[in-house]
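What follows is a short report on a single structure.
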Amino acid sequence: MDWTGSFRKAWVVTGLTLRYLLTTRRAIATGLLALVPVILTLSLAAARVVTFDIVLFQQLMIPLFLQVVLIFVTLVNATALIREEIDDNTLPFLLTRPISKPALVAYKYIGYLVAVLVVLIPPIILAYGVTEAYGGLAFTADLDVLGGFLAATILGSAAYGALFLFISVLIRRPLAVGLLIGFVWESVVDSIPGDVPKLSVIHYLKTILKDVIAINPLGQYRTDVSAGVAAGILVAVSIALVVLAAFVFQQMEFRQKAG
Amino acid sequence: MNGVVEAVGVSKWYGEVLGLNAFTASFGKGITGLVGPNGAGKSTLFKLLIGQLHSDQGKITLLGENPWNNVPLKRRLGYCPEQNQLYGWLTGQQFVETLLRLDGMPAAESRKEATAALKVVGLSSAAHRPTRGYSRGMRQRAKLAQALAHHPEILILDEPLSGADPAGRVHILRTISEFAKDGGHVLMSTHVLYEIERVTNNIVLIHNGKAIASGNIHAIRALIDTHPHAVRIETSKPRQLAQALARMEHLVSFEFPAADTLLVRTRKPDAFYRELPQIVSDTKLDVRGLESPDDSLDAVFRYLVG
Amino acid sequence: MSITLPTYSRLEIPLLGRRQRVWAIIATGLRKELRRPAAIVVMALGAAFTTITSIAILFIATIIPSGQAPNLTFFSGPASNFFVLFFVSLMASVIGAGLIADDLQSMAFTLYLSRPITQLDYLLAKAAILAPLVAMVTILPLLLAALVAAFLGFFSWTIALEAMGISIVVGGLLTLFYTAITLFLSSLSRRKGIAGAGVFAVNFGLTIPAEVLTIVIGNRSILYLSPWDNYVAVATAAFGASSTGIDWAVALAILLGVTVLAALVTYVRMKAVEVITG
Amino acid sequence: MLVETAGLTKVFGEVRAVDDLTVKIPDGAIGLVGPNGAGKTTFLRLLLSLLRPTAGTAKVLGRDIEDGLAVRERIGYMPEHDCLIPDMTGVGLVSYMGRVSGLDRDTAMSRSHDVLQFVGVEEERYRKVAEYSTGMKQKVKLAQAMVHDPQLYIFDEPTTGLDPRGRSEMLDLVGTIAKSPGRNVILSSHLLPDVETICKYIVILDGGHQIAAGELSQLLSGATDRLRIDVRGDRDAFARLLKDAGFDADAGPSGLHVSRKPGLEAAVFETAKSLGAEVRYMGKEIRSLEELFLELVARTEKPGA
């Protein structure tokens, strides 16, 4: 095994993916959406809202950031990785290089993860900073909240990304299915009784937030796993889905569009 | 089994649609031209060779190895797909450079090699423009550059000339010839027969997923020589000439489409051409022109494909 | 096989005008949508669901004793039916997202442009395809609810007819807004999936936080952010019900402003679209 | 005049795609040739009034291109790239395009069947375009350009991607249209033999300028009266013997090239007889459009262009 060679290739594919995701028009759309939390907190501050504090921050970020921004950004980026190259007929350029297909999937996934975190992390930190500054508190005052959200963002990006990547390798119209899962299933699943919520990503993200954060609007959230277990499950599921995607991709054949 | 490509009974189906059907052929060294109508199976063959498709039946090898999911083999081949899409957001230089680095080449070296490859294909002046603004001809050159840049042993080119302007065609063909002269192998497909005749003697005719003729162009010419020909002779005395030619046994018919033209149909063209100079110079008849619409690769293709 | 060439035939009649050309695009587009299984399912589900829930909301309002005789204000309930928001997003992404994006993807846009129509004709035709379909969840349920209520005698026909008139205006406003936004998103990318996801993102990315914030801090002016709440404000005002806390005139201005802006940007963008060929 | 331009200019950013172009193109079958980036497609799009010129004016069929609708009513355009709506049937698409051009429904349907018949799309016309082969798609593209019976046809690379049979069928169709009275054709192509087959008049563009224009026969008439002979056998010996007999023969890749002098033909057959060689072709050496083109373009080639 030639480690320096593999590392170099990983670097190139990751870089190429990053460049694609961050320098094309899609980056403007996802970036704008990711900025909505910051804009909201800024306008709350500007409007001198009395109740604007760290609890409000959480009440705002859970439905907005976790259930809309995170899903949209991961969906649009993760489905682009393989499916758009297939649609655009650019895949042959990569597939005729000495790099195995599973490695390609893995490196692209790493590129994706970096790209979405670049888009998602700064706004959440900024929004948090604005909240604390408005309350006249130190930046470190509610580090548990920030930590919880950062963990949820990172794990959520990993899990949603892996899920959407897998879907995009399996089917031709991944965005439609992704929309249904992301916006419909993930939002209604909480109101289903029994163990059904455990079949969603959002359940584990909320579990983490509930466990990590001291002042918490999720205090009453119904869950029977701890933050550590939830994080472990998300990581395991992400890895499993990426491996599955790589396996399917390895066996796939690529036919150009008729012509 | 020492050919560059060996295929024995290879079949590939897309559901019910035919890709290749018990395709058997062996391609030798140097440039090989693949000729066949649309949908004959040329692109399918190429995709099998670069390991993008898996054959349903039969055995295919490239440089002696099975190409399906064969990673090390990829270093030895360069592929130029038929489609014109590139990564529009990269410049030509970045495009070739990135792909070179995926071959495991260090950054500095790949920059140098990419610049060199773009120069070879004549794209230096546009190297630093985003490829989304490239014309079809420029895209062909960029694709060729990425196929060449890592100095592969074999180039697989799917319609490398389509969309290029006349100057571009000449340039691309010259590049391909030079690559082959330096010991490389080339497989290329094209629709424009007279252009493939300029660079190679080896061609394979594909039709309906099968190789219907392959080998030296002269062997294929021999095929031409055995199928009936019409020859148009321009002469001031067509009837006298017809009388003189009448002693050839293989002639089928004479026609006089114009006052100074004789149209002869023959079953054995090679014999006809061999005997003609003798007769003309013996009878001292004035023959001003001679042509046959059936004496071309185009014609043999039509004849074989029906 | 060789082909024989029939003779080149001439057209003997003059061409029809621009209106018929635009109509051809609309009619063909509508027919195409009405044959697509995905579109049919969404439309049927959407129309049925929103209509049934609207009627239900109206009945519940009349059954619960409020000390009021049935009047026009009762109709603000079905007009702010939350299912409308959901289905309007779904329809916009299933039907609307591909209207322009597909033409850009297949490059058929060039084909349209080579015909004797202008870019504006093209856009108007596309809008005219989408608008009636969107209206099936924005206007139709309100009309049907009023009709059913009048037949059952819950309202007098005068009130019902008046309600239907207002419904057409108010629902028309919402229809226009979503048509413009969807076409704008559809013209941005040749991948219709992204346009579809964009509709969802715009709707839920604005409406959810606005409503959450309003509940938490009690300042209702945040609702101006949400297109849906702007629409509800206009609708309740139009039916004469008590205000939702934001000024209907401002809300109307925001909705119309965004509609016009989206339409304008789409138009400018389509004028600039250049298909690269070489 | 089919097309008349005065100082027509189109600038994209820093690129002057069409640069102060003043041309007068007569009616008939016109070939438009030039290297990639010569501004052909931009020029055609200007004529279709799809682009607004940066400067200058142009008239197509006597109508100013400012009046886009009137111009496009009279033009049938067949773009180079794929442009068909994949989920429509062939006949559906063509009649639809007819209606968008202003035909009524019934006429559009009848015309659509006529033109599909003309281009040779038979039973396939009821299938979806997505399932068509390249050749079939090309034919539907041609049919949609014909449906409203325009006076001017603009063909942008109509034979790209076609196999030899498809190409000759397409050229037959284009040729038939070009020969119809009152119907004009502008054919833009890189395949110069195609242009030679169809067109009587050609315009050569390079760098947004017209570098040559005129009747094809006149442009090509510069060639000296030479004979090309395709010899099967010892070609070099053949050339040597002809030279010894006083003819200036030289052997090239496409055969022997000899200046015509009296007695040449007889000498050719004499030589063939003595060498036992075969004469496969003997005829006038036609200076091809390709040679002219390469020569002209090389002359105007700018460094770094």
Side-chain angles (χ1 to χ4, degrees), chain A residues 1-28 80-81 84-105 107-108 111 115 246-259, chain B residues 12 14-15 17 19 38-39 43-44 46-56 67-90 94-107 110 130 132 142-143 146-147 150 152 156 158-159:
Chain A
M1 190 82 199
D2 170 17
W3 286 104
T4 52
S6 304
F7 183 73
R8 203 179 279 149
K9 285 174 202 164
W11 181 248
V12 176
V13 176
T14 308
L16 196 69
T17 311
L18 266 177
R19 214 183 161 122
Y20 178 51
L21 296 180
L22 291 181
T23 61
T24 48
R25 256 197 318 240
R26 120 192 26 251
I28 303 174
L81 294 177
E84 285 185 7
E85 292 228 30
I86 295 175
D87 287 348
D88 292 352
N89 286 318
T90 49
L91 208 48
F93 295 121
L94 296 181
L95 291 186
T96 48
R97 299 289 147 182
I99 176 168
S100 72
K101 288 196 234 172
L104 202 61
V105 171
Y107 301 158
K108 273 183 164 266
F247 179 76
V248 173
F249 186 61
Q250 160 93 340
Q251 296 307 320
M252 249 168 109
E253 297 182 292
F254 301 98
R255 206 189 148 190
Q256 287 151 338
K257 282 179 225 160
Chain B
K12 178 73 205 172
Y14 308 106
V17 180
N38 284 328
S43 289
T44 304
F46 285 166
K47 292 203 149 19
L48 285 166
L49 287 176
I50 61 165
Q52 222 170 298
L53 292 176
H54 188 68
S55 64
D56 294 332
W68 171 246
N69 276 348
N70 185 336
V71 173
L73 182 63
K74 307 240 160 104
R75 195 166 284 126
R76 301 165 65 191
L77 67 88
Y79 174 61
C80 176
E82 187 185 1
Q83 265 67 17
N84 273 312
Q85 286 97 332
L86 305 173
Y87 295 111
W89 33 280
L90 292 179
Q94 289 166 338
F95 173 64
V96 179
E97 213 177 297
T98 307
L99 292 176
L100 273 177
R101 287 174 62 198
L102 277 182
D103 270 298
M105 207 182 265
S110 46
R132 81 169 73 85
K143 287 191 298 182
Q146 65 82 26
H150 58 296
I156 297 177
D158 205 346
E159 302 282 341

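Scope of the values below: all heavy atoms of this structure, side chains included, with no hydrogens, waters or symmetry mates. Chain naming here is simple, since letters A, B, ... match the order of the sequence lines and numbering starts at 1 in each.
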Quick one: what part of B:Ile156 sits under 4.5 Å from any heavy atom of chain A, side chain, backbone, both or neither?
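Nothing of B:Ile156, per the 4.5 Å heavy-atom cut-off to chain A.
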Under 4.5 Å from a heavy atom of chain A, the part of B:Pro106 involved:
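The answer is both parts of B:Pro106.
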Any sub-3.5 Å donor-acceptor pair from B:Gln52's side-chain atoms to A:Pro92's backbone N or O?
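Not at all, since once roles are kept as given, no pair shorter than 3.5 Å links the two residues.
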Donor-acceptor under 3.5 Å (B:Asn69 side chain, A:Gln250 main chain)
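Confirmed, B:Asn69 side chain pairs with A:Gln250 backbone.
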Can you tell which part of [X] gets under 4.5 Å to a heavy atom of chain B, answering side chain, backbone, both or neither?
X	result
A:Lys101	side chain
A:Thr96	both
A:Arg97	both

Any residues in residues 11-21 of chain A near chain B, with a heavy-atom distance under 4.5 Å, and which are they?
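Result: A:Trp11, A:Val12, A:Val13, A:Leu16, A:Arg19, A:Tyr20.
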Drop me the distance from B:Gln85's CD to A:Asp88's CG, to the nearest 0.5 angstrom.
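So the gap between those two atoms works out to 6.0 Å.
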Residues in ring-ring contact (aromatic ring centres under 6.0 Å, His included) with B:Phe95, at least two apart?
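Here the qualifying residues are A:Phe93.
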Please name the pair of heavy atoms, one in B:Arg75 and one in A:Lys9, separated by the smallest distance, quoted to 0.1 Å.
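The answer is NH2-NZ, 3.9 Å.
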Over all atoms of both residues, closest heavy-atom pair of A:Pro98 and B:Lys74
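That closest heavy-atom pairing would be N-CB, 3.7 Å.
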Among residues at least two apart in sequence or on other chains, which ones pass salt bridge (Lys or Arg N to Asp or Glu O under 4.0 Å) with B:Lys143?
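Salt bridge (Lys or Arg N to Asp or Glu O under 4.0 Å) check on B:Lys143 returns nothing, list empty.
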Under the side chain to side chain contact (heavy atoms under 4.5 Å, CB included) rule, what do A:Leu94 and B:Tyr87 come out as? Steps first, then yes or no, please.
CA-CA 11 Å; A:Leu94 296 181; B:Tyr87 295 111; 3.4 Å; yes
Which residues pass the side-chain hydrogen bond (donor to acceptor under 3.5 Å, both in side chains) test with A:Thr90, sequence neighbours left out?
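A:Thr90 satisfies side-chain hydrogen bond (donor to acceptor under 3.5 Å, both in side chains) with A:Glu85 only.
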Between B:Asn70, B:Leu100, B:Leu86, B:Leu73, the one whose heavy-atom pairs under 4.5 Å with chain A are most numerous
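Heavy-atom pairs under 4.5 Å are most numerous for B:Leu86.
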